[in-house]
Amino acid sequence: QRRPVESGGGSVQAGGSLRLSCTTSGYTNCIGWFRQAPGKEREGVAAICTGSGSPFYGDPARGRFTIAQDMSKNMVYLQMNRLKPEDTASYLCAADHSGGRLLDSSEYESWGQGTQVTVSS
């Protein structure tokens, strides 16, 4: 397994922006971004697949977040705009999708350690 590595988290005020990055050491068919806040279930944020390049968004991301890939660098970015305090969570990158729903965390085999995003009001 190739463990993805996330970067780009940090602290920002409400309304601000952050860009998260996820890199893998080799090819993966799809990358998914998930987030998990203390005491809450893991939530699908966005996903993108190498073949189609089409983005998929979960409810928290629509209209505010954008996922994009740079295949030459094995990088996937998650641009997060108009951040809200409820976006505060650990954001995890997942790779090696086994099929099924792209925003279902059980469909991914490889996980990064997460990067913390904190949004203050």
For the aromatic rings, using the six-membered ring if either is Trp, is the centroid distance between Phe34 and Trp111 under 6.0 Å? yes
Nearest 0.5 Å please: distance from the OG1 atom of Thr115 over to the CH2 atom of Trp33. 7.0 Å
Report the residues that fulfil side chain to side chain donor-acceptor pair (under 3.5 Å) with Arg82, sequence neighbours left out, ordered by chain and then residue number. none
To check you understand the geometry: which heavy-atom pair defines the closest contact between Ser21 and Met75, and what is its length? CB-CE, 3.6 Å
Please walk me through it: do Asn29 and Thr50 pass side chain to side chain contact (heavy atoms under 4.5 Å, CB included)? CA-CA 5 Å; Asn29 55 350; Thr50 303; 5.5 Å; no
Is it the case that the side chain of Thr88 and the backbone of Val119 share a donor-acceptor pair, with hydrogens and angles ignored and the cut-off at 3.5 Å? yes
Checking side-chain polar atoms at under 3.5 Å, does Gln36 have a donor or acceptor matched by the opposite partner on Arg42? yes
Where the side chain of Asp87 meets the backbone of Lys84, is there a donor-acceptor pair that is under 3.5 Å apart? yes
Is a donor from one side chain sitting under 3.5 angstrom from an acceptor on the other, for Ser17 and Asn81? yes
Please evaluate residues Ile31 and Cys93 with respect to the criterion side chain to side chain contact (heavy atoms under 4.5 Å, CB included), reporting the C-alpha separation (whole Å), side-chain torsions for both, the decisive distance (0.1 Å), and the verdict. CA-CA 7 Å; Ile31 289 282; Cys93 178; 3.7 Å; yes
Linking I/L/V/M/F/W/Y whenever their side-chain heavy atoms sit closer than 4.5 Å, directly or via other members, would Tyr108 and Val45 fall into one cluster? no
Between Tyr57 (side chain only) and Ile67 (backbone N and O only), is there a donor and an acceptor less than 3.5 Å apart? yes
Strictly by modelled atom types, are Arg19 and Tyr77 linked by a side-chain donor-acceptor pair under 3.5 Å? no
For Gln116 and Ser90, test the side chains for any donor-to-acceptor distance below 3.5 angstrom and give the result as yes or no. no
Could you see if Val76 belongs to whatever hydrophobic cluster contains Val117? Use Ile, Leu, Val, Met, Phe, Trp, Tyr and a side-chain cutoff under 4.5 Å. yes
Is it true that Ser110 and Asp96 share a donor-acceptor pair across their side chains at a distance under 3.5 Å? yes
Is Leu20 linked to Ile48 within one hydrophobic cluster, defined over Ile, Leu, Val, Met, Phe, Trp and Tyr using a side-chain heavy-atom separation of less than 4.5 Å? yes
What's the shortest heavy-atom distance between Glu43 and Pro60, and which atoms? OE2-CG, 3.2 Å
Shortest non-hydrogen contact from Cys30 toward Leu102: SG-CD2, 3.8 Å
